[in-house]
Amino acid sequence: MNSLTDKIILIVGLGLIGGSIARGIKRSDDSLRVGAVDTDEQQLCKALSDGSINEFGELDVLCPQADLIVIALPPLATAEILPRIAELCSPQAVVTDVASVKSSVIAAVNELEADFIARFVPGHPIAGSEKSGYGASSENLFDQRNIIVTPQADTAAEAIGLVHEMWRVLGADILGMSVKRHDEVLAATSHLPHLLAFAIVNALLKQEQSEDIFRYAAGGFADFSRLASSDAQMWADIFVSNADPAASVLDDYIDSLMALREALKKQDHTTLFNSFSQARNVRNNFMAKYFKPMNQEETEQDKAISFAVEPGGQVQGDIRVPGDKSISHRAIIIGAIANGVTRVHGFLEGDDALNTLAAFREMGVTIVGPESGELIIYGVGKNGLKAPRKPLYMGNSGTAMRLMCGLLAAQPFDSELIGDESLSTRPMNRIAEPLREMGAVIETTAEGTPPLCIHGQSLNGIEYKMPIASAQVKSCLLLAGLYGQGETRVHEPGPCRDHTERMLAGFAYPISSGIQEGLTVLEGGHELTATDIEIPADISSSAFFLVAAAITPGAHLLLRHVGTNPTRIGIVNLLRLMGADIQFSNESNIGTEPVVDITVKYAPLHGIEIPAEQIPLAIDEFPVLFIAAACASGDTVLHGAEELRVKESDRIDAMATGLATLGIETETFADGIRITGGSIGGGEVDSRADHRIAMAFTVAALRAESPILIKNCANVATSFPGFVELASSVGIQLQVAK
Ligand code: S3P
């Protein structure tokens, strides 16, 4: 049973898209009632005899009875019919469309009554084809295809939820975008190629041998001109509706054609070759990135990304690193299960957080963005998530997998969490065991690693003394505790990051959190109220630049708007202990988190014994702190950090091995390392596909005597998109090598 059960669905326009929607709805549940309106009675009769609709008739008759109305017409026709539908439909009916231009449809909707605007959910399936008409329709047309919805500020959550559900049962993945972004993106990705296909066929028609062009059409011409078989009426409609964005990409295209024409006339092989190679590389990279099935092993090409860093360089500038990863994950998770709309600014568009976002979309949550770090999350409430249709892929992220497991353990459905090669080796018993004490049913591998098969249950609260200071374990139990009967009380042996507690309080959830006392308590059964969240720049990403400036003579760097939650500033405390010159300014609070601007200048560093209480506060920053230690005078000694052995890689071993290659003396312990400062040589180090190891060795090159080649760097994108560009902008001499 889904929320479409008992609803009467009306399709207005039974062409390729409308017909496929009708067939797909019937595929999901033959008892759902689907009606259709179209001008072509023959097709309607065909659909009726196929069983893809239950009835057809006049709009005046069918529209008032329908609960969900899908306008499956081209954009101009959609805009034209909207007032009629608004007039005829019941005051509860939800209305959606499929037009491939949204601004013209929205403009027409916004002329109508506010009540109708709130019930209209603009949508666009990216599933068209050059074929048209009901005859070309298929029940599978939308399987694994993207649907873009572009809700407005006033669109009602229930209306969005119903339309989301319809596309879910059709097998589609539902994305959200702003109207402007949608029309620009579509102008470039769909409209321009159609225009070019029409144009090339027309241009070749003028040639004398046009007959031969078609007769012998193979590969190139057939591929390129396929789109010219598309419906002319619809495409004229689309271009009129999206004239400005389409004209703007066409201008760019004309510029690039003119450059090629110039090169052709000059028979300039080099320019042609460079232009074609660039296009080929760009296309291949994007195809590898976006057209690989979920959970597919990284390709050899992905793994082959290396960083080649020249020795020396400077560190100067005024920068802001991307948004905090821990807070980005939590903003999606908590926003998704809140009541109402949560707006997020400063969201990290890294692979890890994007996987979390995709997981919630899969569970029926509509999320618009990210667009320039902004997200709009249409919360479904604590009990509004839908059973995922496939395993949820958590990529490289232990945080996502552990937090999600707590949330999913309490849902009334089963789910499976999977991850990449590194995540698939990481320990999950630390969460599975206390969750089982709460009543959860979770299966891991015999080694206690992912995949996690979760059989959702109702849970009880728990009183739990964590054996390790882990924010992931604490957050997992708190999220499960939101659903638990009674209180959940989590004791921590030392302070670890408290973003979950702060954010729950920000969503008006009653929680008592005492970092000093080491006890967090919440009671299950309360609700979360949506709020706006501003995410500070990630101190963990800033750490690479803090160390870069701290070790480079002459360096002077300003890092803006960095989150300085006291549970995260171990790196600053430790660098200061080593003698670093780090100043805070512009201290303020954004939402529930403190932020500052940080100025770092070079100062000579000396080795230290790392105080045990700083370890959880700097847990992710040790790889780069070890680089600072390698540049410091004397020894730096770390004990009590066995957790580093089970991060994205065994970070003690990975760093010790790499440092040894660079000529730095180290001694490793089960729970730590001794690093003796010295001069850094060059050579080839393996990051072991660990993003933080890769970035740490990049920073080391600033003090190296010869180049450092760092292998296996593709995962830098998990936490720090734009690292290469930002590092280069401050003076690190870094090239990406294949
Ligand atoms: C995180 C907690 C830490 C940290 C991880 C992010 C979080 O892990 O290493 O990168 O967002 O809760 P542990 O809680 O396992 O120490």
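Atoms within a ligand are numbered from 1 in the order they appear, just like the ligands themselves. Just so it is clear, the values below take in all heavy atoms, side chains as well, and ignore hydrogens, waters and symmetry mates.
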Charged tip of Arg576 within 45° of Phe584 ring normal and under 6.0 Å: yes
Ala471 N/O under 3.5 Å from ligand 1 N/O: yes
Polar atom proximity, Gln472 to ligand 1 (N or O, under 3.5 Å): yes
Contact partition for Arg497 relative to ligand 1, non-hydrogen atoms under 4.0 Å: side chain
Region of Lys325 engaging ligand 1 - heavy atom pairs below 4.0 Å: neither
Heavy-atom check, side chain of Cys405 versus side chain of Ile442, under 4.5 Å: yes
Sub-4.5 Å side-chain heavy-atom contact between Phe669 and Ile652: no
Heavy atoms of other groups near Glu371 CD, more than 12 under 6.0 Å: yes
Among Asp620, Asp498, Leu644, closest by any non-hydrogen atom to atom 9 (O) of ligand 1: Asp620
Heavy-atom nearest neighbour in the protein, as seen from atom 11 (O) of ligand 1, with distance rounded to 0.1 Å: Ser326 OG, 2.6 Å
4.0 Å heavy-atom contact, Arg330 with ligand 1: yes
4.5 Å side-chain heavy-atom contact, Phe723 and Met695: yes
Lys647 and ligand 1 - part of the residue with a heavy-atom distance under 4.0 Å: side chain
From Ile582 atom CD1 to Ile569 atom CD1, the distance as rounded to the nearest 0.5 Å: 10.5 Å
Atom 6 (C) of ligand 1: nearest protein contact (heavy atom, Å): Thr399 OG1, 3.2 Å
For Ser470, atoms of ligand 1 separated by under 4.0 Å from a heavy atom: 13 (P), 14 (O), 15 (O)
Pairwise side-chain contact, Leu385 with Phe413, heavy-atom cut-off 4.5 Å (strictly under): yes
